[in-house]
Amino acid sequence: MAWRLPLLAAAALILSGGVLQAGEKKSGFDFMAPETQAMQEDDLSNPGMLSIAEGEALWQARDNPAGTACAQCHGEARQSMRGAAIRYPQVDKQGGRLIDLQERINLCRQEKQSAAPFAYESPELLALTAYVAHQSRGQVIAPSQDAKLDRHRQNGQALFERRLGQLGLSCAACHDAAPGQRLGGSVIPQAHPTAYPLYRLEWQALGSLQRRLRNCLIGMRAEPFPYGAQEMIELEAYLMSRAKGLKIETPGVRP
Ligand code: HEC
Ligand code: HEC
């Protein structure tokens, strides 16, 4: 269920800032009902696994202008892509741009396959990103040490702590100060991006981390950043460094 934030609840969240002790890091998985956890844990019932199969087919596909499959250059994904998801976002060596995993895939799509980039939230981009990230399932998030990322992480943290939108809430007011509390029908998690792209029951579809962030921004009555915006990827970079040590779950399931 979507949280529709009444003003009183917003006020309560502002006031409750800092009540919780700094505790251990927990994935959103740990805040879910046992039935939803079971759905994620069992590959046969996890609806995200369908996209993993689609991603595998796309990995082998040659129907692009260059006629080269991802697999022709990268071989078996379970070897070449293992550990890729634990260290994104990164600063692209050639362009110097901050990119997340889906941007990295789209760079290969454009540069190596001479094809148009896949659209954000398209089934193809979600499936390929999920397929690549799935190869790191069970590995711990280990953000890149590249010093070029520092500035971006700092920007992401500043954004996370800034009050945004008409309710005057920051991301931190919910996710640092109030995890475990209820907001309407939802439990507030710590906002660790461990399981993306993931299948959200409310969406009845796979979605990216950026889609999730847009949902939270809309809930705060803030203008959501467009897909691919620098702010989005800086938030991602901060969230990944904040989640360091937690395991990748892709494809996750969330309520
Ligand atoms: C008013 C409280 C609130 C604020 C403010 C808020 N969120 Fe959330 N967020 C939630 C709730 C509740 C969920 C759980 C999903 C649901 O049911 O809506 C969630 C889910 C998430 C998740 C998904 C975690 C997972 O396990 O997949 C991320 C990431 C996240 N939020 C990031 C952010 C960021 C970044 C901001 C600021 C731009 C933000 N949130 C602002 C309440 C909030
Ligand atoms: C013509 C060869 C070629 C093709 C085809 C290709 N790639 Fe790549 N890919 C590379 C090279 C080379 C790199 C290293 C970065 C660079 O030099 O551009 C890379 C890097 C990557 C990375 C980053 C890995 C890491 O550990 O950081 C991912 C993810 C990726 N490719 C996914 C894909 C996907 C998905 C496809 C198919 C849509 C694809 N690539 C098609 C050559 C290719």
Side-chain angles (χ1 to χ4, degrees), residues 1-33 36 89 98 100 102-103 120-121 141 143 149-198 200-203 205 207-244 246 252 254-255:
M1 265 229 308
W3 41 275
R4 313 247 182 288
L5 201 58
L7 277 169
L8 267 175
L13 282 166
I14 292 170
L15 292 173
S16 74
V19 289
L20 248 85
Q21 272 83 44
E24 59 180 314
K25 278 186 207 178
K26 283 188 177 167
S27 160
F29 178 89
D30 299 315
F31 294 89
M32 302 198 304
T36 323
L98 182 68
D100 61 9
Q102 51 179 7
E103 294 283 353
Y120 292 108
E121 305 305 303
I141 294 174
L149 279 164
D150 294 348
R151 176 173 63 89
H152 295 299
R153 287 194 188 121
Q154 283 156 15
N155 290 346
Q157 177 166 9
L159 204 50
F160 192 84
E161 290 168 357
R162 187 181 310 153
R163 291 183 182 198
L164 298 164
Q166 291 167 29
L167 300 174
L169 285 172
S170 66
C171 315
C174 283
H175 293 299
D176 280 347
Q181 291 187 30
R182 287 197 158 268
L183 193 61
S186 316
V187 181
I188 301 175
Q190 292 178 354
H192 293 304
T194 46
Y196 289 85
L198 57 72
R200 199 167 168 219
L201 299 174
E202 186 183 312
W203 296 333
S208 72
L209 176 57
Q210 295 194 19
R211 182 171 180 189
R212 172 67 256 182
L213 300 185
R214 284 172 60 91
N215 279 194
C216 279
L217 285 161
I218 290 165
M220 297 157 80
R221 299 193 204 158
E223 183 68 38
F225 306 111
Y227 283 106
Q230 169 105 344
E231 287 91 341
M232 280 289 196
I233 309 183
E234 289 186 328
L235 268 176
E236 286 185 46
Y238 172 60
L239 290 175
M240 284 294 276
S241 67
R242 188 171 162 272
K244 184 178 171 184
L246 288 175
R254 292 291 181 271

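The basis for the numbers below is simple: all heavy atoms, side chains too, and nothing from hydrogens, waters or symmetry mates.
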Item checked: Rounded distance [0.5 Å steps], CG in N155 versus CD1 in I233 -> 12.5 Å
Margin query: Any donor-acceptor pair under 3.5 Å linking the side-chain atoms of S208 with those of E121?
Written below: yes
Note to self: To the closest 0.5 Å, what do you measure between CZ (R212) and CH2 (W203)?
What the structure shows: 6.0 Å
Next item on the list: Please report the shortest heavy-atom distance between M240 and P143, naming the atom on each side.
Entry: O-CG, 3.6 Å
Next item on the list: For the residue pair M32 and P255, establish whether any side-chain heavy-atom pair is separated by less than 4.5 Å.
Entry: yes
Margin query: Please check this pair: side chain of Q190 against backbone of K26, looking for a donor-acceptor N/O pair closer than 3.5 Å.
Written below: yes
Notebook entry, point to check: Atom CD1 in I188, atom CZ in F31: separation rounded to 0.5 Å?
Noted result: 9.5 Å
Margin query: Checking L159 against E231 for the side chain to side chain contact (heavy atoms under 4.5 Å, CB included) test, could you report, in this order, the C-alpha distance in whole Å, the side-chain angles of both residues, the deciding distance, and whether it holds?
Written below: CA-CA 8 Å; L159 204 50; E231 287 91 341; 3.8 Å; yes
Item checked: Heavy-atom closest pair, residues E103 and G228 -> OE2-CA, 4.0 Å
Next item on the list: Rounded to the nearest 0.5 Å, what's the gap from CG on L246 to CD on E24? Could you check?
Entry: 9.5 Å
Notebook entry, point to check: How far apart are the closest heavy atoms of H175 and P189, and which atoms are they?
Noted result: ND1-O, 2.7 Å
Next item on the list: Measure from NZ or CZ of R214 to the centre of the six-membered ring of Y227, then state whether that distance is under 6.0 Å and the direction lies within 45° of the axis.
Entry: yes
Next item on the list: Mind running side chain to side chain contact (heavy atoms under 4.5 Å, CB included) on L164 and L169 for me, showing each step along the way?
Entry: CA-CA 6 Å; L164 298 164; L169 285 172; over 6 Å; no
Check: Checking side chain to side chain contact (heavy atoms under 4.5 Å, CB included) for the pair Q154/Y238: CA distance, chi angles, key distance, verdict?
Finding: CA-CA 7 Å; Q154 283 156 15; Y238 172 60; over 6 Å; no
Next item on the list: Assess the side chains of D100 and Q210: does a donor N or O sit below 3.5 Å from an acceptor N or O?
Entry: yes
Item checked: Pair Q102-Y196, side-chain donor/acceptor within less than 3.5 Å -> no
Item checked: For M232 against F225, the heavy-atom pair lying closest together -> CE-O, 3.2 Å
Checklist line | Check against side chain to side chain contact (heavy atoms under 4.5 Å, CB included), L98 and L149 | finding: CA-CA 8 Å; L98 182 68; L149 279 164; 3.6 Å; yes
Next item on the list: Supply the atom-to-atom distance L235 CG to Q230 CD, rounded to the nearest 0.5 angstrom.
Entry: 11.0 Å
Note to self: What's the separation between atom OH in Y120 and atom CZ in R211, rounded to the nearest 0.5 Å?
What the structure shows: 16.0 Å
Check: Where do S170 and M220 come nearest, in terms of heavy atoms and distance?
Finding: C-CE, 3.8 Å
Check: Under 4.0 Å between a Lys/Arg side-chain N and an Asp/Glu carboxylate O for R242 and D176?
Finding: yes
Checklist line | Residues E234 and H152: side-chain donor-acceptor under 3.5 angstrom | finding: yes
Check: Are any side-chain N or O atoms of K25 and backbone N or O atoms of H192, one a donor and one an acceptor, separated by less than 3.5 Å?
Finding: no
